[in-house]
Amino acid sequence: MTHHYCVVGNPIAHSKSPLIHGLFAAHCGIDLEYGRAELPLDGFREAFTRLLQEQYRGCNVTAPFKGEVVPLCRQISDRARLAQAVNTVIRLPDGSLRGDNTDGVGLVTDLSRNLQHRLQDKRILIAGAGGAARGILPSLLESRPAQVVISNRTHARAEQLAAALSAYGPLAARPYTELDSRFDLIINATSASFGSDVPPVPGHCIDGDTVCYDLVYSDEPTAFLRWCESRGAGALHDGLGMLVEQAAESFYLWEGVRPDNSAAIIQQLRNTAP
Ligand code: ATR
């Protein structure tokens, strides 16, 4: 029997999730169909509830609906509750929904397994304090870094986020202008990358051992990664690996099988035009 899933968002036409899950399914020998559903910004709740009453065993959720799905789930994982965002929905046998969030684990798996960067005892800077930053923080803190600093254009938002999650690890908020030393890892979680802006991280935060990671992925290096390169960063990565690894974790939650072909898929997507 075919297992049906989809990704919901708006817009959704360019989502790579159907391709990624199709490759996981083929590799694992599972009969699966994975579609895209563009749901309305106005009336999302009703449209989503109706959709999940159809044949779907679950779905992925992307922008701008990750927060809106939280109250629609009867069960919610700890990491999704802390992130206040759901990217994976599982339909339980009684028809009710369980919400989870695999974004953070996707990032940590990409960094630690694919890219071989250890996070334990490292100093990490996150630029940005919006939904993307919040989504990755629970898993980053679980990796036992020495410190995670959040800097944001609107400092009050960084302070709120640090206060909300500081019980889970060594987390602090600092204005960009007060960052006075280097970091082992700098993560761009701002939406500045969608344009050509770069968050105002001081140049002295980067040295030849600093790993720079942009949550956004694109065919060309992002403005943030180009800037990090000009500062002599040790390694530059975009978010393609995170995209594939968060999908692998969703697949595992749905099917109980962990696909082991992520690295090959990342390579394949890198070599394929959008
Ligand atoms: P997302 O869900 O993608 O995180 P968001 O919640 O709107 O989206 O958050 C966007 C983040 O990018 C915020 O941290 C925002 O800073 P503000 O809180 O000050 O708005 C940050 N951001 C967006 N454009 C930026 C820019 N040009 N320079 C620096 N930070 C920027």
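Numbers here are sequence positions counted from 1. In listed order, ligands and their atoms are each counted from 1.
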What protein heavy atom sits nearest atom 4 (O) of ligand 1, and how far off is it? A132 N, 2.9 Å
Counting only heavy atoms closer than 4.0 Å, does ligand 1 sit against the backbone of N152, its side chain, both, or neither? side chain
Which is closest to atom 12 (O) of ligand 1 by heavy-atom distance: A189, S191, A127? S191
Do any nitrogen or oxygen atoms of T190 lie less than 3.5 angstrom from nitrogen or oxygen atoms of ligand 1? no
With a cut-off of 4.0 Å, which atoms of ligand 1 are near a heavy atom of G128? 14 (O)
Salt bridge or not for E142 and R79, using N-O below 4.0 Å? no
Which option wins on minimum heavy-atom distance to atom 6 (O) of ligand 1: G131, A133, A156? G131
Nearest heavy atom to atom 9 (O) of ligand 1, choosing from A85, G130, A63, belongs to G130
If you count the non-hydrogen atoms of other residues, nucleotides and ligands that lie under 6.0 Å from CG in D94, is the total more than 12? yes
Counting both backbone and side chain atoms, is some N or O of A129 under 3.5 Å from an N or O of ligand 1? yes
Is there a donor in the side chain of Y176 and an acceptor in the side chain of N152, or the other way round, less than 3.5 Å apart? no
N/O of R153 under 3.5 Å from N/O of ligand 1, yes or no? yes
Quiz question: by atom type and distance under 3.5 Å, do the side chains of E255 and Y5 form a donor-acceptor pair? yes
What orientation do H237 and H117 show, parallel under 30°, tilted 30 to 60°, or perpendicular over 60°? tilted
Salt bridge or not between D103 and R134? Use side-chain N to carboxylate O under 4.0 Å. no
Pair T222-D214, side-chain donor/acceptor within less than 3.5 Å: yes
Under 3.5 Å, is there a donor-acceptor pair between the S17 and N60 side chains? no
For atom 13 (C) of ligand 1, what's the nearest protein heavy atom and its distance? R157 NH1, 3.5 Å
for atom 27 (N) of ligand 1, nearest protein heavy atom and its distance come out as D197 OD2, 3.1 Å
Please state which protein non-hydrogen atom is closest to atom 19 (O) of ligand 1 and give its distance, to 0.1 Å? T154 OG1, 2.5 Å
